[in-house]
Amino acid sequence: MNNAELVLLKRKAKEIRKLTIDQIGYLGVGHIGGSLSVVEVLTLLYYRHMRIDPAKPKKRDRDQLILSKGHAGPALYSILADKGYFPKEWLHTLNIGGTNLPSHCDMVRTPGIDMTTGSLGQGISAAIGKALGNKIDGISSYIYVIIGDGESNEGQIWESAMAAAHFKLPQIIAFTDYNKLQIDGYTYDVMDLEDITSKWLSFGWFVQRIDGHDMQAVDRAIVKAKDEKCRPSMIILDTIKGKGAFFAEGVITNHNMVFNYETAVKAIKILDKEE
Amino acid sequence: MALKDMRDIYNETLMEMAENDDRIVVLDADLMSSNGTMPFKERFPGRAFDVGVAEADMVGIAAGLSSVGKIPFAASFCSFAGRKTYDQFFISANYAHLNVKLVGTDPGVTAVFNGGTHMSFEDGGIMRNIPGLIVFEPADGVALRNLVKEAVEHYGSTYMRMHRKGNERFYSENETFKFGKGKVLQDGTDITIIAVGLIMLREAMDASELLKKENISAAVIDMHTVKPVDRKLVLEYARKTGAVVTCENHQVNNYLGSAVAEVLSESYPTLMTRVGVPDKFGEVGDLNYLKERFGLTASNIKGRAIELLRNRDRLRGGQR
């Protein structure tokens, strides 16, 4: 990725971050922390790596993304709206009765969502199914999955970690959004994940660990993961929960936060002032 | 000639369909040899997945396969398919409107020597609470073959409670089946016995013979689909006979007996009794011991039927 491309992608990530703050702020409550920690990776996937066509959201040979930590839906909705999967006006309908944009990702309601998630732990299993089905049909697209650090407490994550390696599925490229916070506190207090790199390595995955907000690093990691021919990939993203919103960043209680629209507007203005 | 095991008919049916339909794939959780799908794996190695002892993962993988157009049949014992994977099946398959064919084997007392841990009297009941899910239990090999085909034709998830070892014969080869359409195996005028599953349909048929000796004419219905239950048939026979006995190799709460009671109490209040497992856990033993232990026998059905008719007559002010 050259410098000009990087500048454009960073600008896009900021736009997505602002849309996400605006979207949740408009409602006044939501999963702001875990939405903002995945903005960079989602931006890189949707604006640089994934082979997708918003006009044909179900195209059989598309790359797919499973946001296994389904509560980060709002970040993904900002991107899908920006890409034209649905009108941007929908963003202000988040979680309002009858909306197509529920808290947690829903493939039945939302164009562009590739898998319904929300009950944590199920995304990698679904990715395995998609990858096996693609293999049967001779389709070589990538299945990206984003799991949470708290989500990694779930037993099914490790069942699926074993299975993805066993079935030799390099087309699965997964990310752990390692923002070190879960609902009840710091991950090392609630349920320590370390040594997370060794865990995934020992399950037979190709593992990289990088700064999840460094877009150049995330891009390089995705490129390397695509080059891997035998093993599924796990890219551990060291991130900050609530990244980029002054009222939420690093705040221990930012999982599901109440904040008014005025606060959201202020946070967006602060982002605008940054270079 | 001995009948083939139900599991072998399950496998044969899937293999036969898979020859012309590459959407059909099979999943097991270290029970391929138990559930009879090894030949499928040998014939279609790229389309059969043994995921190891990880039922939740199996159902999640099945949902993923379904999301790219496959029709996955995923099987484990009822205790695990039903209880262990409930949330995965609920969310990844059903809430997501996908097309996963989940199969629970060794229903109820047929878990025999595996005992209480493997004995599921609840799976059908909890499955009945999943919106839109088809829940069915074939009583013999002909029904199994036809209903598996019906499941492939139907877009949407299904839960099949499948007798695994052994078989019965209630139907001729050319019988046809539809989800939600019960089968009248024997007509009758005094009482209606509605049964589900292989062992209870056999006991119900035997009970009707015992009742015949008492000059009681019992109709016997195979309610192979418990959800949606065949309301029309239930009401037709409630009107015709005025007394209903349900028979299930399952806890009496939430499965067949409850489904029939809901129909009757809302539309045509009729005295009924539910033969099945009471509010109890399973336990180890051979089939005869367990059937006796939980009252899943023709003689118990007969006794309960006679008691029901007496109660009905008493309520009507008559005598029997």
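A note on names: the letters A, B, ... follow the listed sequences, proteins ahead of strands, and every chain is numbered from 1. Just so you know, these numbers come straight off a predicted model, no measurement behind them.
Across all non-hydrogen atoms, the minimal contact from A/S119 to B/I91 is CB-CG1, 4.0 Å. Smallest separation of non-hydrogen atoms from B/S67 and A/K130: OG-NZ, 2.9 Å.
In A/K224, the NZ atom is not crowded: 12 or fewer heavy atoms of neighbouring residues, nucleotides or ligands sit closer than 6.0 Å. Residue A/I183 places its CD1 atom among 12 or fewer non-hydrogen atoms of other residues, nucleotides or ligands, all under 6.0 Å distant. In this structure, A/K199 places its NZ atom where more than 12 heavy-atom neighbours from other residues, nucleotides or ligands lie under 6.0 Å away. The environment of B/K4 atom NZ is sparse: at most 12 non-hydrogen atoms of other residues, nucleotides or ligands sit within 6.0 angstrom.
A/E159 places a side-chain N or O within 3.5 Å of a backbone atom of B/D57 that can act as its donor or acceptor partner.
The shortest distance between side-chain heavy atoms of A/D106 and B/Y95 falls below 4.5 Å. Side-chain atoms of B/D87 and A/Q122, non-hydrogen and from C-beta on, do get closer than 4.5 Å to each other. Between A/Q64 and B/V68 the shortest side-chain heavy-atom distance falls below 4.5 Å. When side chains are defined from C-beta on, A/I136 counts as touching B/K70, because their heavy atoms get closer than 4.5 Å.
No other option in B/G52, B/A54, B/A62, B/G69 has as many heavy-atom pairs under 4.5 Å with chain A as B/A54. Ranking A/T116, A/I139, A/L132, A/D137 against chain B, the residue ahead of the rest is A/L132, based on heavy-atom pairs under 4.5 Å. The choice from B/S92, B/S66, B/P72, B/A63 that makes the most heavy-atom pairs within less than 4.5 Å of chain A is B/S92. Counting heavy-atom pairs closer than 4.5 Å to chain B, the top residue among A/G133, A/A131, A/G121, A/G123 is A/G133.
In this structure, chain A has a heavy atom under 4.5 Å from the side chain of B/V25, while its backbone stays farther away. Contact of B/L98 with chain A is made through the side chain alone, with heavy-atom distances under 4.5 Å.
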